[in-house]
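Proteins come first, then strands; the chains are lettered A, B, ... in the order of their sequence lines, and each starts at number 1.
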Number of protein chains: 2
Amino acid sequence: MTELRPGDASLLRKVNTQATLRALRREGVATLTQLGRITGLSRQTVEAVLDELGERGYVKEVPPDEGAMGRPARRFGFRADAGHVVGVEVGGDTIVAALADLGGEVIAWERAEVDADAAAHERLDAARRACLACVDGAGIARTRVWAVAAGTSGIVDRTGRVSLSITLPGWTGVDLAGLAGRWFGCTALAANDANLAALAEHWRGSARHASDVVYVMMGRRVGAGILIGGRLHPGRAGAAGEIGTLRQVGWEDAARELVKDASAAEVFEAALRGDRDARRRVDRYAETLAIGASALALAVDPDLLVLGGGHARVGDVLLEPVRRHLAELCVSVPEVVASTFGDEGVALGAVRLALSHVEQEILGL
Amino acid sequence: MTELRPGDASLLRKVNTQATLRALRREGVATLTQLGRITGLSRQTVEAVLDELGERGYVKEVPPDEGAMGRPARRFGFRADAGHVVGVEVGGDTIVAALADLGGEVIAWERAEVDADAAAHERLDAARRACLACVDGAGIARTRVWAVAAGTSGIVDRTGRVSLSITLPGWTGVDLAGLAGRWFGCTALAANDANLAALAEHWRGSARHASDVVYVMMGRRVGAGILIGGRLHPGRAGAAGEIGTLRQVGWEDAARELVKDASAAEVFEAALRGDRDARRRVDRYAETLAIGASALALAVDPDLLVLGGGHARVGDVLLEPVRRHLAELCVSVPEVVASTFGDEGVALGAVRLALSHVEQEILGL
DNA sequence: CCGACATACGTGAAATGGTTACATAAGTGA
DNA sequence: TCACTTATGTAACCATTTCACGTATGTCGG
């Protein structure tokens, strides 16, 4: 069950500290007795642990609850504002930055436009400005940002470098994590946008109850992200989910065909009205999506397939034909749902990634 | 890092016991001081832990080493013979059973032929007999078998039932794990054969140093198994890796085309000699394999791709063209190697699966 | 306002498990 | 036989947790 290194009594304290902190974070505010019940520890132990956590700044005492029976219990709350994380999507034409506290609550958003043809350094600068503006605007000191994560299209390796980008000019080779780390002088991570969007769905979206998830992100290109056991599965080189590069799948020009002479919104609307040609085009698009998705689904056999990106909001007009085609292609047909988040998903997933890093490295969870 | 439940001091002992047992199992035989160095625990603690393990029957003291300097140290050994596991491949025309001790050492093999058209109950009976013969022949009491695992072609769900089998008559719906459990009156597991073969390669074969592995099993049908993080990834319904069912991939009749009018061995040999037609046919076969494999590789982006099954032993005649085609299809090209094991891989993987179960459930590792 | 009740807090004793330090035992080699 | 080397045995001590029990501090009903 556990790959824990052996140790002495201090290990015990560490384990109990982590469990208590987890419980308190989940509860928000709790009394010693409550935490004891939750964790299974004695009140005294919980108290000792909380003292320590209080000294470290992660926990504060809050005024006791009034009107209850018996002696009022001291109440403790997780100090979500002890630190912050920033998540940012560095997209083709937009930048979305989010600032969140340690509780995962997003405090501030910041958006910026960026020219699709902008050079790498311009794009990076726009991202940097957006992140700084986001933090400054919320009145948070820059030094209180403990981690940054960035999501972008293309293949991002495990060091956070963009090892291949097709859509963004000069983007291949950019050390995204390395550069983002300098913005706040903290650790930084970078990952593929579809992967992060998947993470966001698993965190607070449609994939909350799924463990293995395939997220198909529809945009100018179609990409995919994979979660295995609730965790990011980037693959050896960060290329997991890149099924679109397989010519047989046809993801490369799926979007182009959909919007031959009209905007995507128009096509979907027409299809919804019953327009024959539009229906056919949507169906073709759905079939193409389904072929690639089925390849992923057959490979991974996920609990859930999430459709996200720009076209996801049209809902059943697109979902229904995708489901239909998928059912024909897969042995084991996963549930198909639309993404919960609009264009905030990637940044939100980046927040989650940064938060996970903080939890692991700093809080020691 | 750890999702450990909090606890009192006895948790500490549990953790340390596990660590010590792990170390001793790896070392085979060791002194207290050695184990202390390895685990980082004090000699006294190791001694107390070993006492306990000795009482439980997992550890025995062995004669001290002679001829060494200083006072001879007591030496302890893992009692690999404290329990046993059985792994069995229930194949289309052969049954391979293996009996192993807790150290993972295979003590006995047993093979049996079975008619390809045999009914499910005949096949099951043959498997049962092979397993029992394997255990009886080795002189091990049947009650000392702690777990059984079976591998078979087709989709096996997480309860160990064959939910879909294309090749074996009447095989769909068979509760393989449930039935195998009755053979020895112990817990039983069942999984897809390619998955188990992958596990075997990761355990003791070509995939020892890889964490994410795709195993492509070439036989009458082509199947695939996936390891993520060194662990089996069966997927929600056990259908992970079933990329072959995608028509575009063409795995369904790859084997048939290869052996149109000659045996596979003949074709490979002719290709090796330089025969044009044979070369073309091998190349076509390799391309078909590569298309499906690339779909899996693109989805999962594994560290390693292992080619196994009957044709794997021909080596580079097949590997080279597969590598070539794969390189054209994949963004991130994994290393490609041949399987280490012949037709023992599945049974060996089953042993590993059973062993993992024992380690987790019984030894509490 | 007061007593009954409920609930939380505080303290000390005891159990568990682990470590360090040091004396002692049991071999090898000249 | 004696020096040397390495392992063992024992005792003192530390960290962490739990349990038991008395005390503090609120609400509620008269």
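Across the interface with DNA chain C, nearest-nucleotide mapping of A:Asp8 and A:Ala73 shows A:Ala73 to be the residue nearer the 5′ end. Closest-nucleotide positions on DNA chain C for B:Met69 and B:Gly40 were compared, and the one nearer the 5' end corresponds to B:Gly40. Nearest-nucleotide positions on DNA chain D for A:Arg71 and A:Thr45 put A:Thr45 closer to the 5' end.
Distance CZ (B:Arg37) to P (D:dT6): 10 Å, rounded to an integer number of Å. Remark: C1' of D:dT25 and CZ of A:Arg74 are 14 Å apart, rounded to the nearest angstrom. Protein atom CG of B:Leu11 is 15 Å distant from nucleotide atom C1' of D:dA15, rounded to whole Å. Distance A:Asp65 CG to D:dT27 C1': 13 Å, rounded to the nearest Å. In this structure, the CG atom of B:Leu50 is 15 Å from the P atom of C:dG17, given to the nearest Å. Going from atom CZ of A:Arg75 over to atom P of C:dT7 covers 17 Å, rounded to whole Å. Between B:Leu12 atom CG and D:dT18 atom C1' there is a gap of 15 Å when expressed in whole angstrom units. In this entry the distance linking CG of A:Asp51 with P of C:dT11 reads 12 Å, nearest Å.
Counting non-hydrogen atoms under 4.0 angstrom, B:Ala68 reaches the backbone sugars and phosphates but no base.
At a cut-off of 3.5 angstrom, the base of D:dT8 holds no donor-acceptor pair with the side chain of B:Glu47. In terms of polar N and O atoms assigned as donor or acceptor, the side chain of B:Gln44 comes within less than 3.5 Å of the base of D:dT10 in a complementary pairing. A donor-acceptor contact under 3.5 Å links the side chain of B:Arg43 to the base of D:dG9.
Checked for salt-bridge contact, A:Arg142 and A:Asp136 meet the test: a charged N lies under 4.0 Å from a carboxylate O. By the 4.0 Å N-to-carboxylate-O rule, B:Glu201 lies too far from B:Arg208 to be salt-bridged with it.
Checked against D:dT8, C:dT20, C:dG17, the side chain of B:Ala9 finds its nearest nucleotide in C:dG17. For B:Ser10, the side-chain atoms get nearest to C:dG17 when compared with the rest of D:dT16, C:dG10, C:dG17. Candidate nucleotides D:dC19, D:dT16, D:dA7 were compared by shortest atom distance to the side chain of A:Arg13, and D:dT16 ranks first. Listed nucleotides C:dC9, D:dT16, C:dG17 differ in distance to A:Asn16; the shortest reach to its side chain belongs to D:dT16. Counting only heavy atoms from C-beta on, B:Ser42 has its side chain closest to C:dT19 among C:dT19, D:dT16, D:dT8.
Of the inter-residue distances, the one linking A:Glu359 atom CD with A:Leu102 atom CG reads 8.5 Å to the nearest 0.5 angstrom.
Under 3.5 Å, the side chains of B:Thr33 and B:Arg37 contain no donor-acceptor pair of N or O atoms.
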Show which side-chain atoms of residues 65-78 of chain B pair as donor or acceptor with protein atoms under 3.5 Å away, not counting sequence neighbours.
| residue | atom | partner | partner atom | Å |
| --- | --- | --- | --- | --- |
| B:Arg74 | NE | B:Glu61 | OE2 | 3.0 |
| B:Arg74 | NH1 | B:Glu47 | OE2 | 3.2 |
| B:Arg74 | NH2 | B:Glu61 | OE1 | 3.1 |
| B:Arg75 | NE | B:Pro63 | O | 3.2 |
| B:Arg75 | NH2 | B:Pro63 | O | 3.3 |

